[in-house]
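Read through the structure below, which is laid out as C-alpha cells, and then see the notes.
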Amino acid sequence: MSVKKIIGYINAENELEERVIERAADYERNGADGLYLYNFTMVEKEREAFYELARQVVKQCDIPVMAGCYVERFEDVKKMLYTGAEKAVMEYSKLKGLEAVTEASKRFGKEKIAILFDASPEVSEHALPEESAILELKDAGVGNLILKHVNLTERIMEEINHLPFTVYIRDSLMRNDITSFLSIDGVEGVATDYYEGKDIIKIKRILKEEGAKLDTFESKISFSQFKTDQNGLVPVIVQDYKTAEVLMLAYMNEEAFEMTVNTGKMTYFSRSRQSLWVKGETSGHYQYVKSLKLDCDNDTILAKVAQVGVACHTGAKSCFFQDLVTRKQKETNAYSVLTELYDVIMDRKVNKKEGSYTNYLFEKGIDKILKKCGEEAAEIIIAAKNPDKEELKYEIADFLYHMLVLMAEKGLDLDDIMLELANRR
C-alpha cells in the first residue's frame, strides 16, 4: 500500500485573491500533502484571473497543487499547467468532447491530466463512471480521476480498486470518515476542507497510529544517539531552505527535538530561561521544518526551514549581520549572481540612471529587447562553431543578461523559472 495524501481543497470562486493565498499557505504550514484549487467558472475573464491566482499559489507553496477550471480547448489545459500546477483538473460533466484532453495528455503526459467526476446518486445513476466512459477516458490519456460526493459502500470500494486511474476522493468529511477512504488501496489521497485551520501534522500522526499509511516527520536517528553537552543539549544551525543563508544558532534538548519532529515547527531549549520555546510563538515569526540533518560527529543539527518574517529579535533577517573580518571576494554562486543581477535590472526599471544601457532597453520597449535577445542567440551559435570557448562564454553571459531584462519586462523572476525547471524533473 502506497503512502496516502491528505490534500486541502479551496474553492476559489468569488473568493478574494489574498484570502485564497493565505488559506493555501496555512494548509502547507499545517502539514497538508498537497492542494486542490479550483474555479469552474465558464466566464473567460474570470478564468484568466484564476490562472494568475493559481500561479501565485504555486509559487508560494512547495506542496503540489492540482488546479481545476472549465475547459473548452487545449489552450485552457495548457494555461492551467503553465501556472506550475502538478495536474490540470477538468469537470467531466462540462467537457464537450475529449479532443483537448487527448492533445494535452500527448503534450504533457497522462499523469498531468485529471478528471473530476460527480459520483453522487442524484447525478450519477452508476455512482462511478460507466465502463464505456472509463475506456473512453483511458484512451484519451487521462491518468487521474477525482471522485466527489461518493456514497461509500463495499461495492464502490471494490470498484475503485479496479479503476485504471490514480484515484483521489474529494469530500467534506461531514458524513464519511477519512479512514474509510484511506483504507482503499486504489485511493491515492483525500482532498478535503474539513481540516482547514487544523493541525494536519497532528491529525496524520493520529491516523497513522490507527493504521493509515501517511507521510509524517520521523527521525531516522533517535536523540539518544546524539552526542550532547553536559546539559543534554545539541547546537542547531538554522538555514533558510531556499537561499541557504544562515539565520541563527540555538540549542535543543531531547524534548525540544521531539516537539520539532512532531509539530514541524522549530522548537528550542532556552539556556537562559531553562525552558522550551517555539520560535515565533510570540512574534509570529515561525520556522517551519524543511529538513533536519546531523553532522558526522552526531553533535550538531543543521536545520533548513521556511522562515516567516525575520529570524533575529532585532528585526534583522539573520542573527549574523555584524561584520568582524571581511575579505573581498567574487560571489560565484550561480543563483546569487543571477539574483543580484536581476535585482539591479529591476532597480533600473523603477529608478532611472543616466547613461544606463538597461534603462535604454526599457525605454525602447519589448521589440528592442526581443531584437537583442535574438541577436545574442545568433552570436552564441556563431561562437559555438569556433574552437575558442572563451568567446562562447562571453556570448552566453550577454544572452543571460538580455534574457533577465526580458523577464523583468514581462513580469517574471528567477523563482518562476526555477519552479518551472523543478516541475520538469
Side-chain angles (χ1 to χ4, degrees), residues 1-8 25-34 61-64 178-179 182 188-190 195 198-271 273-281 285-308 311 318-319 422:
M1 185 172 66
S2 62
V3 175
K4 308 290 186 177
K5 297 180 176 67
I6 293 181
I7 300 162
D26 283 343
Y27 268 127
E28 178 177 27
R29 291 166 184 165
N30 288 330
D33 300 303
C61 297
D62 290 319
I63 53 178
I178 193 170
T179 53
L182 295 174
E188 179 81 6
V190 177
Y195 297 130
K198 298 184 176 72
D199 187 344
I200 298 174
I201 292 177
K202 182 178 180 181
I203 291 164
K204 288 199 290 187
R205 288 193 172 279
I206 294 170
L207 292 172
K208 196 169 183 178
E209 288 173 4
E210 295 175 358
K213 194 166 184 181
L214 293 161
D215 186 20
T216 57
F217 284 129
E218 301 288 346
S219 178
K220 295 178 181 178
I221 301 174
S222 68
F223 193 86
S224 61
Q225 295 176 265
F226 295 3
K227 291 180 184 177
T228 65
D229 65 13
Q230 64 272 22
N231 298 311
L233 303 176
V234 293
V236 184
I237 301 165
V238 186
Q239 279 185 305
D240 184 290
Y241 82 109
K242 283 187 175 179
T243 66
E245 180 180 7
V246 177
L247 300 175
M248 58 182 279
L249 182 140
Y251 291 83
M252 283 184 183
N253 62 5
E254 184 170 6
E255 187 179 1
F257 177 74
E258 294 299 336
M259 279 188 65
T260 297
V261 172
N262 287 335
T263 65
K265 294 177 183 176
M266 293 300 291
T267 305
Y268 305 105
F269 183 82
S270 171
R271 294 174 299 168
R273 297 192 300 269
Q274 288 293 296
S275 62
L276 295 180
W277 61 286
V278 178
K279 176 66 177 174
E281 201 163 44
H285 296 167
Y286 290 100
Q287 292 173 343
Y288 293 93
V289 179
K290 291 298 181 179
S291 71
L292 299 174
K293 293 181 182 292
L294 194 62
D295 78 337
C296 55
D297 294 320
N298 284 21
D299 62 4
T300 305
I301 295 172
L302 174 64
K304 294 193 176 183
V305 305
Q307 174 73 58
V308 176
S318 166
C319 293

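All residue numbers refer to positions in the sequence shown, counting from 1.
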Output the distance between atom CG (L182) and atom CD (E210), rounded to the nearest 0.5 Å.
10.0 Å

Side chains of K279 and Y286: does their closest heavy-atom pair fall under 4.5 Å?
no

Should V234 and L294 be marked as a side-chain contact (heavy atoms from CB on, under 4.5 Å) after you check the CA-CA gap, both sets of side-chain angles, and the distance that decides it?
CA-CA 10 Å; V234 293; L294 194 62; over 6 Å; no

Residue list, salt bridge (charged side-chain N to carboxylate O under 4.0 Å, His left out) with E258, at least two apart or on another chain
none

Between V3 and L214, the two heavy atoms sitting closest are CG1-C, 3.8 Å

Closest heavy-atom contact between V289 and T260?
CG2-CG2, 3.7 Å

Test of understanding: with side-chain contact (heavy atoms from CB on, under 4.5 Å), list the residues that count as partners of A25, not counting sequence neighbours.
R29, Q60

Nearest heavy-atom approach of N231 to D229 is N-OD1, 2.8 Å

Can you tell me how far the CD1 atom of I7 sits from the CD1 atom of I200, to the nearest 0.5 Å?
10.5 Å

Taking the side chain as every heavy atom from C-beta outward, state whether L249 and I237 have any pair of such atoms under 4.5 Å apart.
yes

Could you give all pairs that pass the ring-ring contact (aromatic ring centres under 6.0 Å, His included) test and reach residues 244-264, with sequence neighbours left out?
F223-F257, F226-F257

Exam field: side chain E28 to backbone D62, donor-acceptor pair closer than 3.5 Å
yes

Between G8 and A32, which heavy-atom pair has the shortest distance, and what is it?
N-CB, 4.3 Å

Can you name the side-chain hydrogen bond (donor to acceptor under 3.5 Å, both in side chains) partners of N262, sequence neighbours left out?
R205

Any residue meeting side-chain contact (heavy atoms from CB on, under 4.5 Å) with S291, in chain and number order, not counting sequence neighbours:
K304

Excluding sequence neighbours, so at least two apart, what forms side-chain hydrogen bond (donor to acceptor under 3.5 Å, both in side chains) with E281?
none

For the student: nearest non-hydrogen atoms of V261 and S219, plus distance:
CG1-N, 4.2 Å

With rounding to the nearest 0.5 Å, note down the distance linking CG in D26 to CG in N30.
6.0 Å

Using the side-chain contact (heavy atoms from CB on, under 4.5 Å) criterion, which residues pair with Q274? Sequence neighbours excluded.
F269

For T300, is there any backbone N or O sitting under 3.5 Å from a side-chain donor or acceptor partner on D295?
yes

Taking salt bridge (charged side-chain N to carboxylate O under 4.0 Å, His left out) as the test, write out the residues that go with K208, two or more places apart.
E218

Value for CE (M259) from CG (L276), rounded to nearest 0.5 Å, stands at 6.0 Å

What pairs with Q287 under side-chain hydrogen bond (donor to acceptor under 3.5 Å, both in side chains), at least two apart in sequence or on another chain?
Y268, Q307

For atom NZ of K202, is the number of surrounding heavy atoms from other residues, nucleotides or ligands below 6.0 Å larger than 12?
no

Partner residues of K5 under the salt bridge (charged side-chain N to carboxylate O under 4.0 Å, His left out) criterion, sequence neighbours left out:
E188

Just wondering, more than 12 heavy atoms not from K227 lying within 6.0 Å of its NZ?
no

Are the side chains of Y195 and I178 in contact, using a 4.5 Å heavy-atom criterion?
yes

Between L233 and T228, is any pair of side-chain heavy atoms under 4.5 Å apart?
no

Among residues at least two apart in sequence or on other chains, which ones pass salt bridge (charged side-chain N to carboxylate O under 4.0 Å, His left out) with D33?
K204

Say you draw a straight line from NZ of K293 to CD1 of I301; how long is it, rounded to the nearest 0.5 Å?
13.0 Å

Rounded to the nearest 0.5 Å, how far does CG of D240 lie from NZ of K290?
10.5 Å

With sequence neighbours excluded, tell me which residues meet side-chain contact (heavy atoms from CB on, under 4.5 Å) with A303.
V236, M266, L292, V305

Taking all non-hydrogen atoms of both residues into account, name the closest pair between E245 and S318 and its distance.
OE2-CB, 3.5 Å

